[in-house]
Amino acid sequence: MERLNGKVALVTGGCRGIGQAIVRRFLSEGARVCVADYEKVDQAFSDALEGPVVFQADVRNREQIKLVCEQIVTKYGRIDILVNNAGIIRDKMLYKMSTSDWDDVLDVHLKGAFNCSQVVQQYMVQEGYGRIINLSSTSALGNRGQANYATAKAGIQGFTKTLALELGKYGITANAIAPGFIETDMTKQTAKRLGIDFETLVEASKAQIPVGRTGKGEDIANAAVFFAEESSSFVNGQVLYVAGGPKS
Ligand SMILES: NC(=O)c1ccc[n+]([C@@H]2O[C@H](COP(=O)([O-])OP(=O)(O)OC[C@H]3O[C@@H](n4cnc5c(N)ncnc54)[C@H](O)[C@@H]3O)[C@@H](O)[C@H]2O)c1
């Protein structure tokens, strides 16, 4: 049985990593999926999936996001699911962190989620239905070298709970997923910063994770389907840590 049959989804940053895993899973669950990604769209990815409509857009840019959403609504009539997934890291210890390291990270995660949610909610309110899923992180609890990112990911949790309060009466739920260590380009970048190879970082992380393994994009996609389902209508304003344990 397809759990998202006929639903229309927009996944930001869906061209690789966790976002791409969510796109693949949503397609397999019967959704019509659109992607807004900053990077130039990988045609091979788009062709291989035979399904997602991919737009090149920056979540920080309100006009670009408006245009993307208008095109989706013209094509499919509505947007049922928004996944605010686009993200970056600019890790540095506080004393080395530049203002642009701070601004870039807060802009992509917070202004990006604000832009996309505010544009999409008007269509969702019209339909009296919506599912907003935001990507937080275990780093929201604090993480060395990530003052900017931890702040953004904690902010995402407050943002999510507020959307849940404001939009619930319109049939719209807002929930967040807080992943632990997931093997993507983002964690490869972390290994580079630490000056170790990726396999070493994966092994070191595994030792800290109760289930004894690191996460994959599919683990997060699994949680995203749960929040995205129509039958999850009483699940609202929650943060689900998907990290292989209560701490990682
Ligand atoms: N990988 C992890 O361990 C992990 C853990 C916790 C949370 N997260 C969060 O999950 C989300 C996805 O992370 P990932 O590991 O797949 O990262 P990734 O770097 O592999 O992919 C991020 C995607 O976002 C896109 N993107 C970046 N800036 C953008 C912008 N301004 N506009 C549009 N698209 C933009 C990139 O082009 C890329 O396709 C992020 O929000 C990240 O913070 C990741």
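Indexing begins at 1, ligand by ligand and atom by atom, following the structure's order. What you see is a predicted model, and the numbers here were worked out from it, not measured in a lab.
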Derivation and outcome, side chain to side chain contact (heavy atoms under 4.5 Å, CB included), residues His109 and Leu135: CA-CA 9 Å; His109 293 274; Leu135 268 291; over 6 Å; no

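Cation-pi geometry between Arg78 and Tyr129 is not met: the NZ or CZ atom fails to fall both under 6.0 Å from the ring centre and inside 45° of the normal. Cation-pi geometry between Arg60 and Tyr38 is satisfied (NZ or CZ under 6.0 Å from the ring centre, within 45° of the ring normal).
Each salt bridge (Lys or Arg N to Asp or Glu O under 4.0 Å) pair with one or both residues in residues 223-237, not counting sequence neighbours, appears once here: Arg3-Glu229, Lys7-Glu230.
In this structure Phe198 satisfies the side-chain contact (heavy atoms from CB on, under 4.5 Å) test together with Phe181, Glu183, Thr187, Lys188, Ala191, Val202, sequence neighbours excluded. Partners of Leu141 by side-chain contact (heavy atoms from CB on, under 4.5 Å), not counting sequence neighbours, listed by chain and number: Tyr241.
Contact residues of ligand 1 (protein heavy atom closer than 4.0 angstrom to a ligand atom; sorted by chain and number): Gly13, Arg16, Gly17, Ile18, Asp37, Tyr38, Glu39, Ala57, Asp58, Val59, Arg60, Asn85, Ala86, Gly87, Ile88, Val108, His109, Leu135, Ser136, Ser137, Tyr149, Lys153, Pro179, Gly180, Phe181, Ile182, Thr184, Asp185, Met186, Thr187.
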